[in-house]
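Report on one structure; see the data block that follows.
Below, all heavy atoms of this structure are taken into account, side chains as well, without hydrogens, waters or symmetry copies.
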Amino acid sequence: MLEAIHTARAVRRFRPDPVPEAVITEILDAAIRAPSAGNAQNWVFLVVRDAEQRRKLGIIYRRASDIASAMYAARGRPPHLTEEQFRRLMASGSFLWDHLAEAPVILVPCQTQP
């Protein structure tokens, strides 16, 4: 179990292949297994397949990323990263910010009122 946590990496580039319904169901089934206080499970997940809706989400995400990018720039390179590692980190994040809408499906977790 800890191996999954220690070996997980961020994925910021997507293949355009359609995502099978069974894969989405499996991912969502795993997501709802997360513990919640009092077993409230006060969440819903939006599955966004429509290209226009993904484009709109991409625009929102891009605007929010401007704030994140400014925060990273103000904070500067963390001491545990080399200049090259930090440059690659920022470049990969920037790629995601610019290309999120190209993902074939976007899962949006939302918290609801208990």
Q | ILVMFWY clustering at 4.5 Å (side-chain atoms), partners of M71 | A | I67

Q: Taking atom OH of Y72 as the centre, report whether more than 12 heavy atoms of other residues, nucleotides or ligands fall under 6.0 Å from it.
A: no

**Q.** side chain to side chain contact (heavy atoms under 4.5 Å, CB included) against L57, all qualifying residues, sequence neighbours excluded
**A.** V48, I106, V108

Q: Measure across A101 and R55 and return the closest heavy-atom pair with its distance rounded to 0.1 Å.
A: CB-CA, 3.7 Å

Q. Are the side chain of R54 and the backbone of V105 linked by a donor-acceptor contact shorter than 3.5 Å?
A. no

**Q.** Residue pairs passing the salt bridge (Lys or Arg N to Asp or Glu O under 4.0 Å) test where at least one lies in residues 102-112, sequence neighbours excluded
**A.** none

Q. About how many Å separate CG of L107 and CZ of F45, when rounded to the nearest 0.5 Å?
A. 8.5 Å

Q) Sequence neighbours excluded, which residues qualify as salt bridge (charged side-chain N to carboxylate O under 4.0 Å, His left out) partners of R63? A) none

Q: Could you name each residue pair satisfying salt bridge (Lys or Arg N to Asp or Glu O under 4.0 Å) that touches residues 92-101, not counting sequence neighbours?
A: R62-D98

Q. For F14 and P104, which heavy atoms make the closest approach, and how far apart are they?
A. CB-CD, 4.4 Å

Q. Among all residues two or more places apart in sequence or in another chain, which pass the side chain to side chain contact (heavy atoms under 4.5 Å, CB included) test with R88?
A. E84, Q85

(Q) Could you measure the distance from the CG atom of L89 to the OG atom of S94? Nearest 0.5 Å is fine. (A) 11.0 Å

Tabulate below the donor-acceptor pairs under 3.5 Å that side-chain atoms of residues 18-29 make, not counting sequence neighbours, or state none.
| unit_1 | atom_1 | unit_2 | atom_2 | d |
| --- | --- | --- | --- | --- |
| E21 | OE1 | R49 | NH2 | 2.5 |
| E21 | OE2 | R49 | NH2 | 3.4 |
| T25 | OG1 | E21 | O | 3.0 |
| D29 | OD1 | R33 | NH2 | 2.7 |
| D29 | OD2 | R33 | NH2 | 3.2 |

(Q) Test of understanding: with side chain to side chain contact (heavy atoms under 4.5 Å, CB included), list the residues that count as partners of R77, not counting sequence neighbours. (A) L81, E83, F86

Q. Taking N42 for the side chain and Q113 for the main chain, is one N or O donor matched with an acceptor at less than 3.5 Å?
A. no

(Q) Test of understanding: with side chain to side chain donor-acceptor pair (under 3.5 Å), list the residues that count as partners of S92, not counting sequence neighbours. (A) R12

Q: Output all residues satisfying ring pair (Phe, Tyr, Trp, His ring centres under 6.0 Å) with F95, sequence neighbours left out; order by chain, then residue number.
A: H99

Q | Shortest non-hydrogen contact between W43 and A34, atoms and distance | A | CH2-O, 3.2 Å

**Q.** With sequence neighbours excluded, residues passing side chain to side chain contact (heavy atoms under 4.5 Å, CB included) with N39
**A.** S36, Q41

